[in-house]
Student: 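Encoded as structure tokens, here's the structure I'll be asking about.
Below, chain A is the first sequence line, B the second, and so on; all start at residue 1. Heavy atoms only: backbone and side chains are in, while hydrogens, waters and symmetry mates are out.
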There are 2 protein chains.
Amino acid sequence: MPRSQMDAPESRLPLSEPVLQILISLAARDLHGYAIMREVEERSGGRVTLSTSTLYGALQRMMRDSLVERSAERPDPASDDQRRRYYRITDFGRAVAEAEAGRISELAHLLRERDLVTR
Amino acid sequence: MPRSQMDAPESRLPLSEPVLQILISLAARDLHGYAIMREVEERSGGRVTLSTSTLYGALQRMMRDSLVERSAERPDPASDDQRRRYYRITDFGRAVAEAEAGRISELAHLLRERDLVTR
DNA sequence: CGTATCTATGTCCGTAGAGGACATATCCGC
DNA sequence: GCGGATATGTCCTCTACGGACATAGATACG
């Protein structure tokens with residue numbers, strides 16, 4: 001049974017690194033899979049890389065869980081590519097991302113308090 | 001072959017939630033397994049709970065990976081309990097925890113920049 | 001125009017960790 | 001001595017991660 005967005009966003013935490021990175025990318029704008037891969041790698045300075053199996057596997061699960069959905073629109077029709085499949089973050093996906101952001105923010109605070117952040 | 005502490009702390013990131021929480025507890029002081037469970041639950045306000053299988057499984061892997069080690073000392077000999085097995089964070093474990101703390105701190109900054117932290 | 005490389009999506013499969021269920025034994029209060 | 005709390009541990013299943021591999025359309029270039 002596919003999970004519905006009925007349950008609280010907090011119940012989905014913590015997110016895995018791939019899922020969080022994908023949500024961060026899609027929170028800014030609709031993107032296709034390959035573009036997400038490139039964006040995540042560039043944004044993280046190469047520290048986070050998504051293999052294609054991780055990327056497309058995660059996207060499928062995220063659609064199943066209603067975190068993202070397929071977008072019919074073609075952003076940038078000027079230089080398009082028929083093969084591309086665009087994804088959009090859902091309202092629920094954004095709520096989950098925000099819940100995770102809050103959790104991480106609190107965690108960062110705690111780690112600072114305990115002198116584990118050394119910079 | 002068990003992983004040695006030869007490789008860079010960053011190569012072990014990201015840490016799973018259980019492993020990070022255990023390291024946070026042990027960074028403050030030596031503790032036995034059951035005390036770690038209680039501390040994590042209390043510190044997180046019940047949001048993070050470690051089942052015994054998760055806890056002891058994680059501790060075994062963390063020893064294999066030289067993040068923690070068994071401690072022979074008995075802190076609090078006044079009210080001791082023979083069954084307790086105390087664990088201590090290693091220098092390498094602390095380095096890994098600090099690397100993770102830095103990563104999380106940067107992540108929190110990014111999430112704030114992108115207006116995903118709403119509080 | 002052929003062909004090599006980049007772009008783009010996807011599956012298959014092995015491995016490892018999370019966690020529920022269960023097992024066992026000791027400690028302590030009453 | 002009996003029950004609940006303390007304490008450690010295994011077994012088993014499920015799921016996700018990610019390397020290897022497959023396929024094909026787009027683009028550049030001689």
Student: Salt bridge or not between B:R38 and B:E41? Use side-chain N to carboxylate O under 4.0 Å.
Tutor: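 Not counted as a salt bridge, because no side-chain N and carboxylate O are separated by less than 4.0 Å.
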Student: Give a yes/no answer on whether the side chain of A:R70 brings an N or O atom under 4.0 Å of OP1 or OP2 in C:dT9.
Tutor: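 It does not, given that no N or O in the side chain of A:R70 lies less than 4.0 Å from OP1 or OP2 of C:dT9.
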Student: Measure from CZ on A:R38 to P on C:dC6 and round the result to the nearest Å.
Tutor: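 Between P of C:dC6 and CZ of A:R38: 13 Å.
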Student: Do B:E98 and B:R103 meet the salt-bridge criterion of a basic N to acidic O distance under 4.0 Å?
Tutor: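 Judged by the 4.0 Å cut-off on N to carboxylate O distance, B:R103 and B:E98 do not form a salt bridge.
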Student: Which whole-number value in Å describes the distance from A:L20 CG to D:dA16 P?
Tutor: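 Computing the A:L20:CG to D:dA16:P distance gives 16 Å.
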Student: Tell me: CG of B:L59 to C1' of C:dG19, nearest whole Å?
Tutor: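 Roughly 15 Å, once rounded to whole Å.
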Student: Examine C:dA8: is either OP1 or OP2 under 4.0 Å from a nitrogen or oxygen in the side chain of A:R84? Give yes or no.
Tutor: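 Result: yes.
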Student: Enter the distance from B:L107:CG to A:I104:CD1 here, rounded to the nearest 0.5 Å.
Tutor: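 Rounded to the nearest 0.5 Å, the CG-CD1 separation comes out at 4.5 Å.
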Student: Measure the distance from OH on B:Y56 to C1' on C:dT24 and round it to the nearest whole Å.
Tutor: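 The distance from OH of B:Y56 to C1' of C:dT24 comes to 12 Å, rounded to the nearest Å.
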Student: Check the distance between D:dT8's P and B:L31's CG and give it to me in whole angstrom.
Tutor: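 Computing the B:L31:CG to D:dT8:P distance gives 10 Å.
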Student: Using the salt bridge (charged side-chain N to carboxylate O under 4.0 Å, His left out) criterion, which residues pair with B:D80? Sequence neighbours excluded.
Tutor: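 In terms of salt bridge (charged side-chain N to carboxylate O under 4.0 Å, His left out), with neighbours along the sequence ignored, B:D80 is linked to B:R74.
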Student: Over how many whole Å does the gap from B:L15 atom CG to C:dA18 atom C1' extend?
Tutor: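 So the CG-C1' distance, B:L15 to C:dA18, works out to 15 Å.
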Student: Rounded off to whole Å, could you give me the CE-to-C1' distance for the A:M62 and D:dT15 pair?
Tutor: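 Atom-to-atom, A:M62 to D:dT15, this comes out as 16 Å.
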Student: Quick one: CD1 on A:I36 to OH on A:Y86, what's the gap to the nearest 0.5 Å?
Tutor: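 The CD1 atom of A:I36 sits 10.5 Å away from the OH atom of A:Y86.
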Student: Can you tell me if the side-chain N/O atoms of B:R85 get under 4.0 Å from OP1 or OP2 in D:dG9?
Tutor: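 B:R85 to D:dG9 OP1/OP2: side-chain N or O found under 4.0 Å.
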Student: Can you tell me if A:Y34 touches the phosphate of C:dT9, counting only side-chain N or O atoms and a distance under 4.0 Å to OP1 or OP2?
Tutor: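 Checking C:dT9 against A:Y34, no side-chain N or O comes under 4.0 Å of OP1 or OP2.
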Student: Test of understanding: with ring-ring contact (aromatic ring centres under 6.0 Å, His included), list the residues that count as partners of B:Y34, not counting sequence neighbours.
Tutor: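 B:Y34: no ring-ring contact (aromatic ring centres under 6.0 Å, His included) contacts found.
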Student: Can you give one letter per nucleotide of nucleotides 17-25 of chain D, going 5' to 3': B for a protein heavy atom under 4.0 Å from the base, S for sugar-phosphate only, - for none?
Tutor: SBBB---BB
Student: I need the CE-C1' distance between B:M37 and C:dG19, as an integer number of Å.
Tutor: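 Going from B:M37 (CE) to C:dG19 (C1'), I get 12 Å.
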Student: Report the distance from atom CG of B:L55 to atom OG1 of B:T49, rounding to the nearest 0.5 Å.
Tutor: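 B:L55 atom CG to B:T49 atom OG1 measures 11.5 Å (nearest 0.5 Å).
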